[in-house]
Number of protein chains: 2
Amino acid sequence: MPLKNTGTEQHIKDTAKRLLFAEGKLHATTQEIADAAGVNRTALHYYFRSRDLLIAAIFQDAMQDLSQRLNECMISDESFKAKTEKIISVFLKHMIAFPYQETFLVTEMNTLGKNLITNIQSDPVKSYLKEAAVEMEKGTIEKMNPIHFLMNLFSLLSYPLIMAPLYKKLFRVSGKDFKELIEERERLIISLLFKQ
Amino acid sequence: MPLKNTGTEQHIKDTAKRLLFAEGKLHATTQEIADAAGVNRTALHYYFRSRDLLIAAIFQDAMQDLSQRLNECMISDESFKAKTEKIISVFLKHMIAFPYQETFLVTEMNTLGKNLITNIQSDPVKSYLKEAAVEMEKGTIEKMNPIHFLMNLFSLLSYPLIMAPLYKKLFRVSGKDFKELIEERERLIISLLFKQ
DNA sequence: TCCTATCTTAACATTTTTGTCTAACAAAAA
DNA sequence: TTTTTGTTAGACAAAAATGTTAAGATAGGA
């Protein structure tokens, strides 16, 4: 709780978030982060004491942010399909902004991540899964373990963005064309998951 | 090219592959790799000169291995659906054995990966994509940019395994149950991608 | 005006890791 | 038996990165 809030602490966090989760420089050193933020390296220690604490802070921020917005989608008062469309929209925006956040999570799961993951609320997810089961009974989506439905949804959303740098090379697609491909997926995923 | 082939070089590679790509210890030090292989750290330098060269070697091996098997599926003499089933089977086996290899690729794309990716043959992929387009005309799969079809396929295959540690916690599923879930996906993915 | 939180500069200690070198040794090959 | 090969052991140099500390500078608030 700083008395004079100069915004430097937040600026450092934002910069670190951009470097790691947007640009994919997962091994960025404290020096690189400080340089990118235009502050002295000691300022990082002044605010966060250690690199690990800074990283933990930005990861927690990002997860908090995303999971809250997803929870809002999941417990909203709309139809299952409308909810799913919102989830897709929210998640896709997040993935476009921070494509490396999930990769970071996977690589650091064994070390930093352990505690952070347990913070994820699972109640909204459970209620969303229940609704999926109802839809399966109604026949609007194919019958399967609802967990499969969720895995399918997030697979189709996340993976192409995680692999974007590879796919651009492999398919020889420009950044602009790839962006268009990704945008197309919003309705493609819906039409793949829903029968009607 | 050792005169007496004692298998130590291969053993080191296999161990490194297991540590990094199977167990996900992507930051394993030369000491840790040597210990896991039961050899002296000097032996690593004796065979590979540097950590980077060792890593590059195992990554190239693994990519070579996988892409060759996938290419065989893609250019085989079977129906499109049969090919796709084989691709799923081959890729799933690989992902189960080395779930962290793709994550490693993503994190190291900017440094080591640059050269390695260009080695990927894209001709079999191109011919597979053409066949997909034919199937779309026939109506056996939904009409879309064939690149979407391929992205969908690999998304549905890869992502759940990349995220396995997270999903197990999130859904509170045991390793055994999760393995069953993954095995179910083999036919689930087919039924999702093919209309008939 | 004085104080204090914010932030810089600079120097330095520490740790971690990589990579190198040399000596030694066992076992197979010549 | 001698040589070569594969491998260990130990010591060490060098680099990279983190973290600490002390000494200011500066500006806004009391």
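Just so you know, these numbers come straight off a predicted model, no measurement behind them. Each chain gets a letter, A, B and so on, in the order the sequences are listed, and its residues count up from 1. Quick note: numbers below take in every heavy atom, side chains included, and nothing from hydrogens, waters or symmetry partners.
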Show me the donor-acceptor pairs, under 3.5 Å and distance only, between side chains in residues 94-101 of chain A and residues at least two apart or in other chains.
{"residue": "H94(A)", "atom": "NE2", "partner": "Q101(A)", "partner atom": "OE1", "Å": "2.7"}

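Look at CZ on F48(B): it is 13 Å from P on dG6(D), rounded to the nearest Å. A straight line from CG of N40(A) to C1' of dT6(C) spans 12 Å, rounded to a whole angstrom. Distance CG (L54(B)) to C1' (dT17(C)): 15 Å, rounded to an integer number of Å. Rounded to an integer number of Å, the gap from H11(B) NE2 to dG6(D) C1' is 15 Å. Between the CD atom of E32(B) and the C1' atom of dT18(C) there is a distance of 13 Å, rounded to whole Å. Per the geometry, CG belonging to L44(B) stands 15 Å off P belonging to dT17(C), to the nearest Å. Taking atom OH on Y46(B) and atom C1' on dC21(C), their separation rounds to 15 Å, with Å as the unit.
The existence of a salt bridge linking E72(A) and R69(A) is excluded, since no basic side-chain nitrogen approaches an acidic carboxylate oxygen closer than 4.0 Å. Taking a cutoff of 4.0 Å between a charged side-chain nitrogen and a carboxylate oxygen, D14(A) and R18(A) do not qualify as a salt bridge.
Within the 3.5 Å criterion, the main-chain N or O of L188(B) finds a donor-acceptor partner in the side chain of S191(B).
Inspection of the T42(A) and N40(A) side chains reveals an N or O donor paired with an N or O acceptor under 3.5 Å. Judged purely by distance below 3.5 Å, without hydrogens or angles, the side chains of S76(A) and E78(A) pair a donor atom with an acceptor atom.
dA24(C) and dT7(D) make up a base pair, with Watson-Crick or G-U wobble contacts both under 3.5 Å.
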Across nucleotides 13-25 of chain D, 5' to 3', mark each nucleotide with B, S or - according to how protein heavy atoms within less than 4.0 Å reach it.
----SBBBB----
